[in-house]
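Below, chain A is the first sequence line, B the second, and so on; all start at residue 1. Every value quoted in this text rests on a predicted model; they were computed, and no experiment measured them.
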Amino acid sequence: MTLLSASWGVSLLGKSLSRWRSNGRRLGIVVLFIVAGTGLWEFQERQHKDAYTWMGVPTWEAFSPTTMHRVLRNDGYLVGWSDVRINPLWVSYQVEAVGDDTRIGSRPNFQADWRTLWPIGTGDYAGSGYDRGHMAPNYAIAAVHGRSAQVDTFLMSNMTPQRPQLNRQLWQRLEEAVMDHFAPRFDHLQVITGPVFPANFMDNVFNRVGFVEVPEAFYKIIVAPHSDAPLALAFVMPQDVRGNEPLDDYLVTIDEIEALTGLNFFPDLSADVEAVLEGELRTQGWALEEVSRRPGRFQ
DNA sequence: TTTAATGT
């Protein structure tokens, strides 16, 4: 009797041990999948970010609701999306020189982006007096990165309200200079662009088109990332312009844009390179005088 | 007039 119960006890113990072992094996496989999957995701994420940024994606200092954002990945460009401003705080993309005769596909339709959480419809800007202004531009992205990237630039998460005189004149002239003048000079450029808001959030909190807060200005940073001595050019352009102003009237340093936006651009730069690239206004090498007063194509 | 966009 005691022998029987003892053997029963041993076999029970053996069963629970083997179950424990097979559960353990199953758990091991699950953990392996999580580790491998996370690693693969990290790898792809980094590859994607490296392809569209130089010296790191923009970051924000400490806790700040108006500058914190999350990165949306698109074909051809990245977006730093703010659920507070309900705006793309920055877009990052790279361009290369393309031929003068480069033709792109016809303009795609604007499209809603469910990732914004806020429902931003394609018709929300109608009658507002503001254009749906691209941050990552249609032409440059299409010419360099192809059709599916071009389609992505028409996501509403890439739009922010721009006065027509700015969007169709001064800003368009700047975008044209990037592709027709700067890209051929340097072969390869890193561009970061986005909106500027008033210093006091409450001053502007109800100034919106639909859900989207209206910026007071826009910045564009253009970098020629030479390995030894990178060059940078930066602009801030306000909403209220005539459109025919010289581009170089709006030159600023990257430090000034960081002060206006609360963002830190190119966080991976070494301190000594950063001090020169971001703190000094240097226009040598860009031949700005050749494009500064070029007229717009849409008069 | 499509390297911008609106409104018809």
> Where does the angle between the aromatic ring planes of Phe186(A) and His226(A) fall among parallel (under 30°), tilted (30 to 60°) and perpendicular (over 60°)?
tilted
> For residues Gln190(A) and Pro225(A), report the shortest heavy-atom separation together with the two atoms involved.
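Scanning both residues, the minimum pair turns out to be N-CD, 4.4 Å.
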> If the test is ring pair (Phe, Tyr, Trp, His ring centres under 6.0 Å), which one of Phe197(A), Phe235(A), Trp90(A), Phe265(A) qualifies with Tyr219(A)?
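The option that passes is Phe265(A).
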> Please state the C1' separation for the pair dT1(B) and dA5(B) - nearest whole angstrom.
14 Å
> Could you check whether Gly127(A) gets within reach of a base, just the sugar-phosphate, or nothing at all, counting any heavy atom under 4.0 Å?
sugar-phosphate
> Before giving the answer on side chain to side chain donor-acceptor pair (under 3.5 Å), spell out for Glu289(A) and Ser292(A) the whole-Å C-alpha distance, their side-chain angles and the decisive distance to 0.1 Å.
CA-CA 5 Å; Glu289(A) 64 285 354; Ser292(A) 207; over 6 Å; no
> Where each residue is assigned the nucleotide of DNA chain B containing its nearest heavy atom, which of Ser128(A) and Phe298(A) is assigned the position nearer the 5′ end?
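So the residue in question is Phe298(A).
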> Could you tell me from which nucleotide to which nucleotide of DNA chain B, 5' to 3', there is an atom under 4.0 Å from chain A heavy atoms?
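The contact span of chain A on DNA chain B goes from dT3(B) to dG7(B).
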> So does Arg173(A) get a backbone contact from the side chain of Arg294(A), meaning a donor-acceptor N/O pair under 3.5 Å?
no
> With no hydrogens and no angle check, do the side chains of Asn204(A) and Arg85(A) hold a donor and an acceptor under 3.5 Å apart?
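The answer is no; no qualifying pair exists.
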> Determine the interatomic distance between P on dA4(B) and the same-named atom on dT8(B); round to the nearest Å.
22 Å
> For Asp131(A) and Thr102(A), take the nucleotide of DNA chain B holding the closest heavy atom to each; which residue's nucleotide lies nearer the 5' end?
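Going by which nucleotide is closer to the 5' end, it is Thr102(A).
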> Under 4.0 Å from any atom of DNA chain B, heavy atoms only: list the residues of residues 208-216 of chain A that qualify, in numerical order.
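By residue number: none to list.
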> Knowing that exactly one of Phe218(A), Tyr139(A), Phe154(A) qualifies, which makes a ring pair (Phe, Tyr, Trp, His ring centres under 6.0 Å) with His134(A)?
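It is Phe154(A); the other options fail the test.
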> Answer yes or no: are there more than 12 heavy-atom neighbours, outside Asp268(A) itself, under 6.0 Å from its atom CG?
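Buried by this count: over 12 neighbours within 6.0 Å.
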